[in-house]
Amino acid sequence: MNRVFPKISLVGAGPGDPELISLKGYKAIKKADVILYDALVHPALVEEAPQSAIKVFVGKRAGQHSFSQEQINFLLVQYAYSHGHVVRLKGGDAFVFGRGHEELNFAQSFEIPVELIPGISSCIAVPELQQVPVTRRGVNESFWVLTATTRSGKLSKDIAVAAQSSATIVILMGLRKLAAIVECFLAQGKETTPVMVVQSGSFETEKVVLGSVQDIVEKVKKAQLGTPAIIVIGDVVALHPNYKSTARQTYPYESAKSVIPGIL
């Protein structure tokens with residue numbers, strides 16, 4: 001009988017598109033004895049694991065958990081001791097609202113080696129894929145990433161604080177609280193501030209709705225957007241190629257002809 005050497009790899013799978021995982025993450029999957037994967041992980045990545053690997057879905061959807069976090073923690077340790085290399089495959093990055101650090105601490109308490117492989121977070125990638133930068137010179141100086149919902153299920157108080165800022169606000173897990181989020185921005189007089197909501201960013205089923213604080217709730221309802229989705233609020237949204245507004249700002253460079261003599 002071969003000796004088992006327990007090891008856990010915490011792998012960020014990226015925003016959805018299977019080609020957006022890191023090469024290191026891909027190599028870990030190819031060497032996995034067990035994969036515990038989340039709901040936001042593209043099925044194509046799971047299929048890259050060896051045929052002999054055990055594949056366990058431990059995903060969470062809004063209001064529906066296949067396993068509790070405590071159960072996932074124990075599964076990681078149990079499979080590591082019984083089978084060897086366990087890949088914990090998580091959507092986006094494991095340390096951005098992914099509870100990856102909790103899983104790291106739990107595994108380390110059993111003295112199991114843990115490899116950390118960062119992933120591309122949806123908070124940056126999804127806006128970028130829509131040609132919306134989270135920061136743009138002359139538009140904003142920072143961006144904030146927040147979750148809309150606290151552990152108790154209430155709206156995060158940070159939303160009201162963020163609404164006072166000129167930063168780009170990226171809100172994860174907030175679609176069900178969109179109306180309450182909008183109220184925070186309306187209270188700051190930001191009715192016309194551009195908003196973008198993206199469902200299933202980078203997946204084949206991606207949907208995008210553009211609007212402003214004052215009309216985004218109705219537009220999202222009309223488009224029948226669902227979870228998972230991210231919300232982007234701020235002037236940078238007006239840079240989206242399909243954003244239509246008389247208040248849209250542009251930030252042109254000098255004519256290329258004047259900068260590079262002889263061009264065109």
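Note that the structure is a prediction, hence the values are computed from the model and not measured.
- Within the 4.5 Å cutoff, the side chain of V56 has heavy atoms near those of the Y79 side chain.
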Inset, instruction - Check the pair E48 / K30 against side chain to side chain contact (heavy atoms under 4.5 Å, CB included), numbers first and verdict last. - result: CA-CA 6 Å; E48 290 294 331; K30 300 294 283 187; 3.3 Å; yes

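- Between F97 and V145, some side-chain heavy-atom pair lies under the 4.5 Å cut-off.
- Under a 4.5 Å side-chain heavy-atom criterion applied to ILVMFWY residues, the cluster that includes L175 comprises W144, L146, L155, I159, V161, I169, I171, L178, I181, V182, F185, L186, V195, V197, V209, V213, I216, V217, V220, L225, I231, I233 as well.
- Taking each heavy atom of Y243 and S212 in turn, the nearest pair found is OH-CB, 4.4 Å.
- Across all non-hydrogen atoms, the minimal contact from A32 to A53 is O-CB, 3.6 Å.
- F5 meets the ring-ring contact (aromatic ring centres under 6.0 Å, His included) test with no other residue; sequence neighbours excluded.
- Listed by chain and residue number, nothing satisfies the ring-ring contact (aromatic ring centres under 6.0 Å, His included) test with H85 (two or more places apart in sequence, or in another chain).
- Among all heavy-atom pairs drawn from G84 and V4, the shortest one is N-CG1, 3.2 Å.
- Of all heavy-atom pairs spanning A167 and S165, the tightest one is N-OG, 2.8 Å.
- Closest approach of R88 and I72 over heavy atoms only: NE-CG2, 3.7 Å.
- Screening residues 201-215 for salt bridge (Lys or Arg N to Asp or Glu O under 4.0 Å), with sequence neighbours left out, gives D215-K219.
- Atom CZ of F74 sits in a sparse spot, with 12 or fewer heavy atoms from other residues, nucleotides or ligands closer than 6.0 Å.
- Every residue was checked against the ring-ring contact (aromatic ring centres under 6.0 Å, His included) condition with Y26, not counting sequence neighbours, and none meets it.
- Shown here are the ring-ring contact (aromatic ring centres under 6.0 Å, His included) partners of Y81, two or more places apart in sequence or in another chain: there are none.
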